[in-house]
Number of protein chains: 2
Amino acid sequence: MSGEPRSRAARSSAAEDTRTKLLAGALATLTEQGIAKTSARSIAATAGVNQALVFYHFGTVDDLLAAACRYGAEQRLAAYRERLDAVRSLGELLAVARELNASERAGGQVAVLGQLLAGGQTQPRLAAATAAGLTLWTDEIERVLARVLAGSPLAEFVDVTGLAKAASAAFVGLELYEGVDPAGAERALASLDQLAALAAALEGLGPVAQRAVRSRLRRSGSRGRA
Amino acid sequence: MSGEPRSRAARSSAAEDTRTKLLAGALATLTEQGIAKTSARSIAATAGVNQALVFYHFGTVDDLLAAACRYGAEQRLAAYRERLDAVRSLGELLAVARELNASERAGGQVAVLGQLLAGGQTQPRLAAATAAGLTLWTDEIERVLARVLAGSPLAEFVDVTGLAKAASAAFVGLELYEGVDPAGAERALASLDQLAALAAALEGLGPVAQRAVRSRLRRSGSRGRA
DNA sequence: GTCTATAATACGATAGAC
DNA sequence: GTCTATCGTATTATAGAC
């Protein structure tokens, strides 16, 4: 009975504290050392707790990482939900992405997703946790996209759920890219700014042109291959 | 004199053979085990050579990985150059990307870039090599994009070099995403197909609408923020 | 060049005292 | 719950025989 962790509600605050330390320590270790050098020992060291507690509280290192993934995603998303709610255009969404990119590079939490994504390629437990963590993001992005694109041909001819997933995956890819080539990543992001400006210009083309686009799309088979 | 590897030209074919085995073994290990479990021993095992040869030929594991990155990128790009040269539209480019995605997931070489990207976040030597390997791809994509977008407003208002970098990073992100959520990744890719179809429809809008878009973009400040 | 053997360190995980 | 101590294994890297 007393040799196992109790349920969340029944846990003592001291135990909950070390659990939190380990979760935060896991995230910090992932960003600072990378998945390759993230171990029970390195995590415990940055968390400031005993190494054996990793196994007592989480069983295995991968299970700790899986829990940390959810913890970090929820925490980070909560910090950005308000800002995302205020988004009213594609350009604003990209601006928030820019902001997220800048602040995360300093604090480093999205980089965690990159590391877990890499680790998840070969470890099913991590894969499931990472997919779940990413889903928290894509669901949020999807809500924003649906609101922003309402009434535009984009929402009509493009699967917004898929678009949100694509945007999220692309963002993580760009985040990883920035880690190895900051100048290149900045140039990539700048080109997306220009692309958003172009999209904004198209949005304001007027009903005549939009009707032309719609009929063109219908003829070529909507929602089909290019 | 005889205790050190000689220059590439002067190397014996036997030595060159083990070097190649190690390079290929490194790529295979990265895809099959991930960066976290890629070690001198695991690489040597899949390569079928002695573990000590990793250090004799490449000095450190990271240096081997860096060399393997270049080796794999050059090899893979050579296999796709012809196909990329034949691309004449955005839709065709996406179709090649789809093809690449499918064949690489089976043979697994782009996944290598994801693993190295993750490792490069914290290891400068890997970062430089990965950036260089990615540049081989972005340069190629840039050439294709420049040809495909010639005459379109896209080439006029968007930095094509940056766009090529963004597309490459996004592709790697999607590739990693596919590793943890195949269904989600498929949906994401499908939405990009729809997006490409929409872009194709816009391309054929005619000179009147395109003039309208151009003047609109100029007024809002070309190449500027959204 | 390639091998064996080995040094020094780090790893995951567990047992048992407190 | 948390600690120390420890087992068995895997790691990087080198020395030296061949």
Side-chain angles (χ1 to χ4, degrees), chain A residues 1-23 25-26 29-30 32-68 119 122-126, chain B residues 1-23 25-26 29-30 32-68 119 122-126:
Chain A
M1 280 295 162
S2 71
E4 273 178 12
R6 286 173 289 173
S7 72
R8 188 180 205 111
R11 237 176 257 136
S12 79
S13 71
E16 196 59 35
D17 185 51
T18 59
R19 276 181 66 92
T20 306
K21 278 182 188 169
L22 280 171
L23 290 171
T29 307
L30 277 174
E32 290 161 17
Q33 318 246 36
I35 182 79
K37 298 201 171 171
T38 292
S39 67
R41 291 174 136 89
S42 61
I43 292 173
T46 69
V49 307
N50 190 282
Q51 170 257 155
L53 295 177
V54 168
F55 303 98
Y56 175 76
H57 284 291
F58 296 95
T60 70
V61 176
D62 277 359
D63 285 333
L64 166 54
L65 293 183
T122 53
Q123 302 199 336
R125 184 151 212 98
L126 271 188
Chain B
M1 277 297 164
S2 72
E4 273 177 13
R6 285 173 290 172
S7 72
R8 187 178 206 112
R11 236 176 258 135
S12 77
S13 70
E16 195 60 34
D17 184 52
T18 58
R19 277 181 66 93
T20 305
K21 277 183 188 167
L22 281 171
L23 290 171
T29 308
L30 277 174
E32 290 161 16
Q33 318 246 35
I35 182 82
K37 297 199 170 172
T38 292
S39 66
R41 288 177 133 88
S42 60
I43 292 172
T46 68
V49 306
N50 190 281
Q51 171 258 155
L53 294 177
V54 167
F55 304 97
Y56 175 75
H57 284 292
F58 295 95
T60 71
V61 176
D62 277 359
D63 284 335
L64 166 55
L65 293 182
T122 53
Q123 302 198 335
R125 185 149 211 98
L126 270 188

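For the numbers below, each heavy atom of this structure counts, side chains included, while hydrogens, waters and symmetry mates do not.
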Please report, rounded to the nearest Å, how far the [atom2] atom of [N] is from the [atom1] atom of [X].
X       : N      : atom1 : atom2 : value
B/His57 : C/dG1  : NE2   : C1'   : 6 Å
B/Lys21 : C/dG1  : NZ    : C1'   : 13 Å
A/Tyr56 : C/dA17 : OH    : C1'   : 15 Å

Can you confirm whether A/Leu65 sits close enough to A/Ile35 that some side-chain heavy atom of one is under 4.5 Å from a side-chain heavy atom of the other? yes
Would you say B/Thr122 and A/Lys37 make side-chain contact, with heavy atoms under 4.5 Å?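 Sidechains of A/Lys37 and B/Thr122: no contact.
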If you compare all heavy atoms of B/Leu53 against all heavy atoms of B/Leu22, which two are closest, and at what distance to 0.1 Å?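 So the two residues come closest at O-CD1, 3.9 Å.
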Shortest non-hydrogen contact from B/Phe58 toward B/Asp63: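 Scanning both residues, the minimum pair turns out to be O-CB, 3.1 Å.
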Looking at the side chain of [X], which of [options] is the nearest nucleotide?
X       : options               : result
A/Phe55 : D/dA13, C/dG1, C/dA13 : C/dA13
A/Thr60 : C/dA13, C/dC3, D/dG1  : C/dA13
A/Leu53 : D/dC3, D/dG1, D/dT14  : D/dC3

I'd like a table of atom pairs between the protein and nucleotides 5-11 of chain D - only N or O on both sides, under 3.5 Å - with the distance next to each one.
unit_1 : atom_1 : unit_2  : atom_2 : d
D/dT11 : OP1    : B/Ser39 : OG     : 3.0

A/Leu64 and A/Leu23: side chain to side chain contact (heavy atoms under 4.5 Å, CB included), yes or no, with the steps? CA-CA 7 Å; A/Leu64 166 54; A/Leu23 290 171; 4.0 Å; yes
Test item: side-chain donor near acceptor, A/Thr29 and A/Ser42, under 3.5 Å: no
